[in-house]
Amino acid sequence: MSERRRLLGPANTFIPNIGITSTTEEAVKTRKRDEIRKFFLKTGLIENANGSAYLEADGTIVQVLVFGPRPIRGSFIERASFSVECKFLPHIAQPNEGIFNTGSNNNNGNYRTGLTNIEQKISSYIETSLLPSIILEKYPKSTIDVFITVISSDSIEDHGGKTTNSGLLNLVNWVLNCSSVALADSGIELKDIVSSGVVRLDKEGIVLDPQETGGEGIDGLVSFMNLRNDEIVGFWMEGDEDLEEKDVERIIDGCNTMSKKIRANINSYLLEQAS
Amino acid sequence: MSIVIPGQYITPAYKLADSKIQKYYPRKGAILSHIGEGANRIPVIVATVVGKVVYHEVDEGSEVQLFLVSVMPKSNTYHAYEQESKDFRESNSISINLPKENDVVLVKITKINTRQAYCEILTVEGFGNVLQDSGVGANGELAHTSVPYGGGSQAFSSHQTVASSQSTLTSAVTNDLGENFKGIIRSQDVRSTDRDKVKIIESFKPGDIVRAIIISLGDGSNYYLSTAKNDLGVLFAKSENGSGDLMFPVDWQTMVDKTSGVVEKRKCAKPFTE
């Protein structure tokens with residue numbers, strides 16, 4: 001007997017093969033070690049958000065919406081409260097899914113009720129990084145909410161059973177840059193636009209914007225306010241190798257170089273939009 | 001006119017031009033920030049929004065030239081923006097027009113009781129609407145990403161489920177979609193004379209459009225407003241609790257419906273001074 005309480009599709013439907021990796025050859029990495037991939041950026045695509053930005057970098061596609069300042073209820077708050085929520089589209093494999101045991105968050109396997117661990121980690125990194133740049137005192141009794149949707153992500157595959165973190169950090173890097181632009185688009189007052197860079201320290205040295213996952217090395221993601229004395233607002237390192245102080249410095253310097261390049265691109269985009 | 005973006009340096013706070021000292025103050029869309037290290041650390045006016053730089057010279061008659069620097073967003077449509085950017089005393093100004101103390105606002109009365117009238121703030125006079133309705137429900141644009149715990153048409157975000165809440169107070173709960181900033185007009189703030197004899201029902205009715213001034217940011221939910229001035233009070237009202245026609249003021253406490261002739265009591269505004 002057919003289920004009558006639910007709206008089912010016609011009997012002869014088939015499920016599309018979403019999420020199956022195509023067998024095409026991966027593009028060979030041709031960038032130099034100090035070269036950054038090109039990215040596409042656009043603001044204001046979503047009309048009913050106060051600010052929005054869309055970013056594409058190779059297979060990584062991110063969309064960020066900013067709502068606010070919008071009213072709260074309850075007791076008085078002097079500064080705006082700021083929250084970030086990062087979500088992956090359901091069919092996207094999340095980085096390190098196996099390690100973080102994403103599946104446990106499913107409610108009887110039907111739908112997700114909250115954020116997965118990896119989404120939580122990304123959200124809190126983005127919030128920590130953006131928080132120093134926002135002038136919250138100017139918006140009493142309000143909330144500013146940032147919603148991030150990861151539409152596609154290409155750097156998240158397991159390579160020969162060995163998972164690395166450069167895919168994750170790479171993704172977070174683009175998420176952060178996109179969020180900053182969305183905030184700037186919303187007209188909320190910012191001390192500076194936050195931008196970030198991601199590097200990989202391997203035996204040969206620093207690789208900017210690493211694309212290959214796997215292999216030995218330490219990955220670093222550092223966020224800056226580049227026009228505000230290069231203040232560091234976020235710092236994330238992954239890897240299980242010994243690290244010396246000078247290595248950390250090299251990672252920070254590498255990230256700063258990349259961050260400045262991205263910032264320059266964001267600057268010229270925003271200026272072009274405004275004029 | 002130069003275009004700037006957040007973080008961009010506009011000018012140092014002090015400058016020497018033609019052997020005269022120039023001092024710059026940040027206004028809307030700009031802040032004072034210290035750039036550089038050690039001995040090279042200097043105060044700089046920095047932009048906080050994307051927009052056009054506007055300088056305004058303040059004539060103080062002194063040897064030091066004073067300038068106010070503000071950044072006007074391109075999308076800006078507010079009449080009072082330029083005025084406010086020139087206001088020397090206004091230091092706490094913000095580029096998005098959240099209502100603040102001493103702002104004149106237009107409100108719509110939503111409900112009344114014997115002690116106070118509740119209202120919703122629609123616009124800040126001279127600055128346009130307070131907030132575009134930027135709500136996206138779970139049924140809307142983002143429905144495919146995930147459904148909130150209760151499902152259905154509640155706001156996409158509830159702070160209980162948002163992961164990162166280092167700066168979010170638990171008391172901060174967002175309003176429902178489409179809800180605006182709200183206010184209260186207490187009976188003692190309706191008029192400045194005979195304040196203890198004010199009856200709310202003879203001053204406002206739900207649906208009235210009222211011009212009021214903000215006297216306090218109030219608590220989390222409500223601003224506190226006052227109409228205790230001649231130019232503040234009801235601007236538009238319909239008779240018979242809204243079922244009648246538009247009424248016109250006869251004197252400061254009476255309005256008349258010109259089609260039916262019904263007379264009702266209101267605390268009327270006299271917006272135009274002769």
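Lettering of chains follows the sequences in order, A, B, ..., and the numbering in each one begins at 1. Since we're looking at a predicted model, the values are computed, not measured.
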Novice: Mind ranking A/Asp185, A/Leu190, A/Ile135 by heavy-atom pairs under 4.5 Å with chain B and telling me who comes out on top?
Specialist: A/Leu190
Novice: Nearest heavy-atom pair of A/Ala274 and B/Ile3: which atoms, and what distance?
Specialist: CB-CG2, 3.4 Å
Novice: So what's closer than 4.5 Å to chain B heavy atoms on A/Ile126: side chain, backbone, both or neither?
Specialist: neither
Novice: Closest heavy-atom contact between A/Arg228 and B/Ser33?
Specialist: NH1-OG, 3.0 Å
Novice: Restricting to non-hydrogen atoms, name the atom on A/Ala184 and the atom on B/Val50 that form the minimum distance, rounded to 0.1 Å.
Specialist: O-CG2, 4.1 Å
Novice: Give, as side chain, backbone, both or neither, the part of B/Ile31 having an atom under 4.5 angstrom from any heavy atom of chain A.
Specialist: side chain
Novice: Is A/Lys141 reaching over with its side chain to a backbone N or O of B/Ser221, donor-acceptor style, under 3.5 angstrom?
Specialist: no
Novice: About how many Å separate OG1 of B/Thr48 and CD1 of A/Ile188, when rounded to the nearest 0.5 Å?
Specialist: 11.0 Å
Novice: Crowded around B/Lys108 NZ? As in, over 12 foreign heavy atoms under 6.0 Å?
Specialist: no
Novice: Has the side chain of A/Asn229 got a donor or acceptor atom that lies under 3.5 Å from a matching backbone atom of B/Ile35?
Specialist: no
Novice: I'd like to know whether NZ of B/Lys23 has more than 12 heavy-atom contacts from other residues, nucleotides or ligands below 6.0 angstrom.
Specialist: yes
Novice: Find the one option among A/Asn267, A/Ile122, A/Leu183 whose heavy-atom pairs under 4.5 Å with chain B are most numerous.
Specialist: A/Asn267
Novice: Flag the one option from B/Asp219, B/Val46, B/Val44 with the top tally of heavy-atom pairs under 4.5 Å to chain A.
Specialist: B/Asp219
Novice: Looking only at heavy atoms, which two atoms of A/Pro140 and B/Leu217 are closest? And how far apart?
Specialist: CG-CD1, 4.0 Å
Novice: Counting only heavy atoms not in B/Tyr55 (residues, nucleotides, ligands), do more than 12 fall under 6.0 Å from its OH?
Specialist: yes
Novice: Just give me the residue among A/Ile266, A/Leu227, A/Asp192 that pairs up with chain B most often, heavy atom to heavy atom, under 4.5 Å.
Specialist: A/Leu227
Novice: Report which part of B/Tyr223 has an atom under 4.5 Å of a heavy atom belonging to chain A: side chain, backbone, both, or neither.
Specialist: both
Novice: Working to the nearest 0.5 Å, report the span between CD of A/Gln273 and CD1 of B/Ile5.
Specialist: 12.0 Å
Novice: Restricting to non-hydrogen atoms, name the atom on B/Gly218 and the atom on A/Phe76 that form the minimum distance, rounded to 0.1 Å.
Specialist: O-CD1, 3.0 Å
